[in-house]
Each structure stands twice: as structure tokens, then as C-alpha cells.
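The next block holds one structure in the form of C-alpha cells; read it before the comments.
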Amino acid sequence: MARYNPASAEPKWQQRWDDARCFEADKDPSKPKYYVLEMFPYPSGKIHIGHVRNYAMGDVIARFKRAQGFDVLHPMGWDAFGLPAENAARDNGGHPREWTYGNIEVMRGQLKRMGLAIDWTREFATCDPEYYVHQQKMFLEFWKKGFVERRESLVNWDPVEMTVLANEQVIDGKGWRSGAPVERKSMSTWFFKITERADDLLEALDDGRLAGWPAHVKEMQRNWIGRSEGLTMTFPLSGEDLPAEHQGLPIYTTRPDTLYGASFLGIAPDHPLAKHYAAKDHAVADFISECQALGTSEADIEKAEKKGFALPVMGRHPLTDEELPVYIANFILMQYGTGAIFACPAHDQRDLDFARKYGLAVKPVIKPKDGHETDLKIADQKSDPTDDGRTEAYVGPGTMINSGPFDGLPTDEALPAAIAKIAELGWGEGTTNYRLRDWGLTRQRYWGCPVPVILCETCGAVPVPEDQLPVRLPEVGPEEFKTPGNPLDRACADEWRICTCPKCGGPAQRDTDTMDTFVDSSWYFARFASQPDDKPVDTEQADAWLPVQQYIGGIEHAILHLLYARYFMRNMKDCGYTDVDEPFTNLFTQGMVTHATFQDEDGQWLFPEQVELAGGKATSNGAPVTIGAIEKMSKSKKNVVSPEKIADAYGADAARFFMLSDSPPERDVEWTESGVEGAWRFANRVYETVAKGEGLLAADTPIPDELPDALKAIRKEAHKTIDSVTGDIEGFRFNKAIARLYEFLGTLKGVKADGDAAPVAAEALRTLTQLTAPFMPHLAEECWELLGGEGLCCDAPWPVVEDDLLTDDVVTLPVQVNGKRRGEIQVAPDAPQDQVQDIALAQADVARFVEGKTVRKVIVVPGRIVNVVVS
RNA sequence: GCGGGCGUGGCGGAAUUGGUAGACGCAGCGGACUUAAAAUCCGCAGCCAAUGGCGUGGGGGUUCGAGUCCCCCCGCCCGCACCA
């Protein structure tokens, strides 16, 4: 018998699908719409196996939903702007554009080889001017509406990439790509005012709008937004040379209840007041630079010593009139709150550490709840009679003491009372604070979407008139990419950059910044749904598809991309482009593909294909090889496999199938050669099993109502398999769906396909083929053709379960004696309890353990289990 | 430190959510076919002192019955991290 040959079958069916335009969306308005999307790839050069897993998952959903009668949108495109293209031009010559489009060309071919059910008519790259022209238009619209603004601010400057980074792109004080320590620099750049939408972005996480998102992703976004309720209040300051603007110090606190425990005020090293004194006093300036050198990049910041510098000013407590010293303190962040705090050492650990170091007062104002009594000893201390000398701050709830009018109140009541009191006295008000910062959206790079703005000496920033859009990137020579920095800022771009102001006609320059690539990816999914020439989307058309019902991608985008896209969608809604605010109804974050690592005797990493595995030992050309940890595939450790080589050896179907078969999709999966071989074996067994029923579907014989038990059992298995595979696909349990397919294939092992058995075999083999189709679409078409099915398998409607075939006539019940399994009985599923009980007690294995004992109770759980309790 | 998640055979993982623990796959072992090997097919397979006992990181509890629920402990992973 001929074996299944993916090398010829796969291209053949891909061509047929193409010719029939099977996967183009929007063909049948009578069908319900379903939009499934995987995060689009960056055109780095070639597809890696992680892409295969990602797109295989989306493809299962796309094909499954299509078979279920949905009009499915499953598009593909390219997240094509970004720094690697410039780096490639720097290292290898050429232009970022050539590199990018060349890579797209290659990767498109590789993706097509996977046989994905994609509507390629909607493909675009974000570096296409036809795409970014609309992004520029929206930018200007957002600007007009006040969603975006240009402002002077301290930015995160990556000295290696020579560009600004968003806060989200700074990891441990280092650039997320370069790894270089980030510097702080003052610049005029553009910001999306995402903090204005912080509340709505936060609320949607909890109000059911994102019910289809994993809890941990929502939790990460919640933490990232970091909303806190508190009090902003101003402490009066007095001291030498204090300019008017510093005669009050605004601070932010989430613990206004501890206000009576204040013993000093603290400001961040880069606070304006600190700078004021730094200008006059070298000691202050030295201390500030010392703090900045320490930076936020210290890994063990937890242990970093609290340090401070006392300023020649005094604060006054508005409630108690006490004098409070003012310190520059290294643990205060300018970016959070007002960059200044009041410190209550008794009830904040950092404040306490600081107070102990500098001998400042520690005054408890909260009496801990019962059980914490020992935490508060009123001891004799010289500095403060209420200080008991402890080094651990009490941060829990309790009852207010030493707090004037608040004495006796529980802390949760003292908190709003303190805010009300301060507000009443006019010293401050209750405020909400966010950890989230506005999104600095521009980069000082060439290969990005140009900011469509002209900077005029007299008019300031002026929008490029709409009829002049898109502002295209100017052509610059390949040598420009060998120089660090932004070519748009250099003489090579003068012809483009130097222009006249559209407003006053005077001399002006273009903004040489380009947009962060996260802007490009914040709305691409909408453009997939609708791509008119004259506007970003046609609202009606886009909203017919949006929101994306199922979005699939890596957990690494849990914060950045997914938060930005949610934000951007809201801006688009306010501009009337859509009625949708949440772009992704259901989100699935898939795990990574990992692989064992191999090292030779010299510690050099080896590619998997350089290693022979036999009997648990690994060798390379006879030399011993150490098998290392199973890790995320990375070029540096060479633990990578090429999807192309796998497709050559086993076919795309086997690769896709194995990716989904071994682990739950949200977890990491280890790529193994033996695993993909298992998938290959499965494909062949399916083909050989189906081959027994050649032409059966063409015969189209009805299944008789009365069947022999053996044939009825096959029908039951088929329908149970339809039921479980359908549920497992819907629930993203692809590994379980595949286990069911293996099982079903096992039951069909010796199946007869002729005579009386033919109609049942036809149904069973058709079922096997169709249930396998979302995972192994090429094989399924080959089987479908073999069976004589009508048209293409991918067009056939999903099999429907006959419910009466899901129930059994006889069920096997385990029987326990005192909770231990002793035997089993066979009864009708609806047998009366006392009958089941009698049968159970009569069963020989059970009787043996009951003999000589008293039966106290018999528990019968219908259809499940029997438990006999004896003593 | 805070937040989230997890811990089941040699490995990846199932277990209808309180009801037969280990489905399915991988690796392993035995057999068939072959001169032989590969491939393929058939079978076995949690552990042990085996008609029984023990088993879901450890200890306790609730229950007729616990991988699943509750309490304590141990270990691992992820995110945030001097956020006032």
C-alpha cells in the first residue's frame, strides 16, 4: 500500500485551497463572523518553531470555526519597522527597507508551507506607506483631540541605541534591547496621555469586559497601572534662600492616617528643591550625583542602604506645628507621586531604617490589633518618650493613638478622616496616583513611521497638512547606517528635513523622530478587518469583525503591546473609527518551545543535528556530549531546530501536530525528534486506516437503524470522540483533543469496511478525517479524497453529535469497601440503587472483604461508584 | 518584600471538578517479520517484601470517599519591585 507522502500532498492541497480561495473572509454575509488572530511576526529573517506553534494554534481555531459555519477572518501581516533592520544595514550594508521586504518574502514562503488557513489578500507590512499614512493621520487627530502632546521631560536615553525608551522598555535600569544602563535626559518628545485613561483601562480588567483573558495577564496589567488612593498635601517650608515656589512642599501619601507620626520630610534626589540647593552647595550636588550613580539599576536594591542629606530648611506640620527636618533621600522616586514624602518611621520600614540611621524621632500612632500588643512597648528613650527602640515598623491596621482628634479611631476610618481634615484646612486633597506613566511614543531612529509634524521657530510644532501625507522616509545612502544615531538628523536628510512652515511660511524643520513600533502594532488588527484607501478603517466594515474574538500570542506581550492596543482602541473610538473599546475579547498566551542543550567536552554548544542520541547517551562524532538544561530555544546555545528541515523530513502536518500534542498550549513544550516522529507515525496510521474505506463516502449508503453490537460500539466511539474533541478544541485543550484522536484511531485498528460494516466504517473514517483536519489539514484532504468525499475536506461542515449515541447501555462501576477499590460490577446506568447495592455486595471480590463484618452503609453514586462501609 | 501560578510514573502530561489515579504520547522492555538492522506490527509496563500493601512535595484535618476542599510546612516558576 502506498504511504502518505507529505512532500507531494502538501503543496498540492495548498494550491487547491489557493485556487478555490477557501480562506478569504467576507464571502458570505449570511454567516456569523469570527475573527481569530495570532500576534503578527516581526520579519527577522526566518520563521522559527515558536511561530509554528503560535500559528498552528490559531489555525486549528480558524479551521474549526470555519467548519462550524462561521465566516472566519484569519489574516497575516508584518510588524515591519524597528531597529534590527537598521542594525542589519549597519552590519551588512544595504538599506533597512531591502532587508525588511527581503525577509518578508522569505518568511511568507515559509509560512505558506505550513498550510495555514490564512486570508492572504489582506496582508500588509507596517512599513508600507499605505499603512502608516493612516497612522500619521490618526496621530494628528489624536493631537487635535488632546490625546497626544509634545512636552519637555526627562526621558530614558539608551546611549547605545541612541534613542529614547518608554518606561516599559527599561528593565532593571537597562535598555530592553541593548542592555546598556539607561541615562536620564531632558528632551522635547511626544507622549500619548495614557494615564488619562488609566481608570478605564483598570476598570475593564474587573468589570467583565475582559472575562476572556487569563487572570495572570490582567493581574500584571493591574500591577503595571498601579493605582493607589491617597492624599496630596503641602507642608509649609521655611529656611535660608528659599524661593517663593519652594515655600510649600507638596507630598503624596497613601497613609494619611499616620500623619501625626510624621518625623521628617523627604524629597527625591532629582526633585527641583534638591536642584535648587545643589546649585549653591557642592556637598548637595555631590550627594545627588552619588545617588544617581547608584541608580535604580542595583539588583539588590532591597539591601541598598538608606542615605540622606539634610537641607537647611525646616517643614512645619500643619496639624501639630512641630518642626520637621527636610532630607534628600535616596529611596524616594521623582517619578512617583510628587517626588516628596512625609515620613512616619513607626509605620513604614524604609522611613524607620532612615530614622534609625539619622537618629530621628519614631512616634507610634497606631496601636496594633489584638495579638500584636507586644509590638508596641512605650519605653524610655531620650529622643522621644514613645520610642521603644524597635527596628521593625508596624504597617498593619489598629487603633489610632497620639493622633489628636483621631485617637481611638480604627485606621480604616482615620484614613478618610485625615484626608477630610487636611482638605478642610486647605492644605491638600484626596488624590489618585498611578504607577503608569504617559507613553513616550517617539524614537530617534530612521526605520519607523515619521512623526508628521513640522517644527517652526515662530509657530512651534505644526501638523503636516493632510494633503501632504504620508510623510515618507527620505532615501539616504547605505553608509548613513554605519554611523551611530539617527540619519534623519543629519545632512543626508536635509532635503527632506528642511522645509517651510505650513502656517507662517517661515523656515522650519521636520520632526526627525519616528514612532515607537508599538504604535504600529496598536491598531493593525483593525486594519486587517477593513482597509480603505482614504481612511484607517471603514467603521461599519471594521466593527463587523471587531473585536478580535480570539487573540493568541506570547506572554511577553502581557503588558506593553496588550495595554497599548487597549489604549489606542479607545482613542480610535473617541475619534469615531469604531464602537469598540476592548480590541481582544478572548486572549490566549501560549508557552514557548524549548529544547535540550548540548555541549562538547570543551564546553562548546552543539546544534541538535550534531548530536546522536542512543540509549540515553549523547555523542557527537563519537565524542561524549553533555546534555544540559531544557531551555527556550536561542541562537547562542544552538538549541534550535529549523521548521523548514522538519517540514522536509516529516511534513508540515507532523510539525504542527506535535507542537500541539505534547503539552497544554499555555505551557512550554519541549521539542524532541522522537516526538515529531510519533506525529509522523500517527499520520501514516490514519492514512492506512482510511485507505481501507476507499470510495466509501461516494457510495453514500445510509446507516441502518438496527446494528450488531460491534458496529454500534464503533458508532458510539465515533460520536463520543466528536463530542470530546469539539469540547477540547473550544477549550484550547489541544493536547487532550489529540489524545482522543489517538484513542479513536486505536479503536478503528481492525475495523472492517466492507459488507454490512461499510456504512458504519464510512461514518467512522469520515469522522476521523474531519476531526484530524484542523491539526493535519493536508493529510485530511488526502484522506477525504481517498474516501470519495465531496469537494474539499476544509469546506465540509463539522460533524454533529447524535446525543443518544453518547450514553451506554451498561456501565462498569467500581466497588469500594471502606474506600478501597475491591471489585467492579456491570449494571444499567439507570438501575435502581437497591439493585446496584445487591449486585455489588454479591460480587465475589467485594464479598470477600465484607464477610464477617457488619455493613454500616452502602453509598451508591449512580453511574460513578459504589462504596460499602463496614466495621 | 508584594502579587500570581505550580508540585502526579523514567519524561511530557490525563483524571468528567469530591467518586476506578496515571488516559494519550515519548522513552523502556518482550515478541513477530528480517540473514541482519531500520521501519512496521502485536504485547508488557507506578512502586514494594505481590491473593496483600504503599502511592499525587511533607505533615495534619474534613468526608463513606481527597490529586481535587481546609490548616501548617518545604520546594520550584513567573510578574512587579525603595511606588510613600
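Contacts of A/Val861 with the nucleic acid, taken as non-hydrogen atoms under 4.0 Å apart, include base atoms. If you check every strand for non-hydrogen atoms under 4.0 Å, A/Arg822 touches sugar and phosphate atoms only. Within the nucleic acid shown, A/Phe849 comes within 4.0 Å of sugar-phosphate atoms alone, with no base atom in reach, counting heavy atoms only.
A donor-acceptor pair shorter than 3.5 Å can be found between the side chains of A/Thr812 and A/Gln826. Checking A/Gln843 against A/Arg822 by side-chain atom types alone, no donor-acceptor pair falls below 3.5 Å. Defined by atom type and a distance below 3.5 Å, a donor-acceptor pair is missing between the side-chain atoms of A/Tyr394 and A/Gln349.
For the pair A/Asn223 CG and B/rC78 C1', the interatomic distance rounds to 12 Å; values are reported in whole Å. At whole-Å resolution of the value, CD in A/Gln221 and C1' in B/rC80 are 14 Å apart. Atoms CG (A/Leu333) and C1' (B/rC80) sit 13 Å apart, rounded to a whole Å.
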Once each nucleotide of nucleotides 4-17 of chain B is scored for protein heavy atoms under 4.0 Å, what B/S/- sequence comes out, 5' to 3'? S-------BSSSB-
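For the pair A/Ala739 and A/Gln816, both in contact range of RNA chain B, the more 5′-proximal nearest nucleotide belongs to A/Gln816. Nearest-nucleotide positions on RNA chain B for A/Lys820 and A/Gly675 put A/Gly675 closer to the 5' end.
Residue A/Arg848 places at least one side-chain N or O closer than 4.0 Å to OP1 or OP2 of B/rG52. Between A/Tyr742 and the phosphate of B/rG25, there is no side-chain N or O to OP1/OP2 separation shorter than 4.0 Å.
A donor-acceptor contact under 3.5 Å is formed by the side chain of A/Asn867 with the base of B/rC64.
Summarising the base pairing, B/rU35 is matched to no nucleotide, lacking a Watson-Crick or G-U wobble pair whose two defining distances lie under 3.5 Å. As the counterpart of B/rG52, B/rC48 is assigned, both hydrogen-bonding distances of the Watson-Crick or G-U wobble pattern falling under 3.5 Å. Pair check for B/rG30 finds B/rC42; Watson-Crick or G-U wobble, both atom distances under 3.5 Å. Checking B/rU63 for Watson-Crick or G-U wobble geometry (two distances, each under 3.5 Å) identifies no partner in any strand. For B/rC76, the paired nucleotide is B/rG5, the pair qualifying as Watson-Crick or G-U wobble because both relevant distances are below 3.5 Å.
An anti base is found at B/rG53: its glycosidic angle is more than 90° from 0. Classified by its glycosidic torsion, B/rA50 falls in the syn category, the angle being within 90° of 0. Annotated as syn: B/rU17, whose O4'-C1'-N torsion sits within 90° of 0.
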For A/Glu688 and A/Arg685: C-alpha separation, side-chain torsions, deciding distance, then whether salt bridge (Lys or Arg N to Asp or Glu O under 4.0 Å) applies. CA-CA 5 Å; A/Glu688 282 156 23; A/Arg685 284 168 59 202; over 6 Å; no
Every protein N/O within reach of nucleotides 39-47 of chain B N/O, cut-off under 3.5 Å:
unit_1 : atom_1 : unit_2   : atom_2 : d
B/rC42 : OP1    : A/Lys749 : NZ     : 3.3

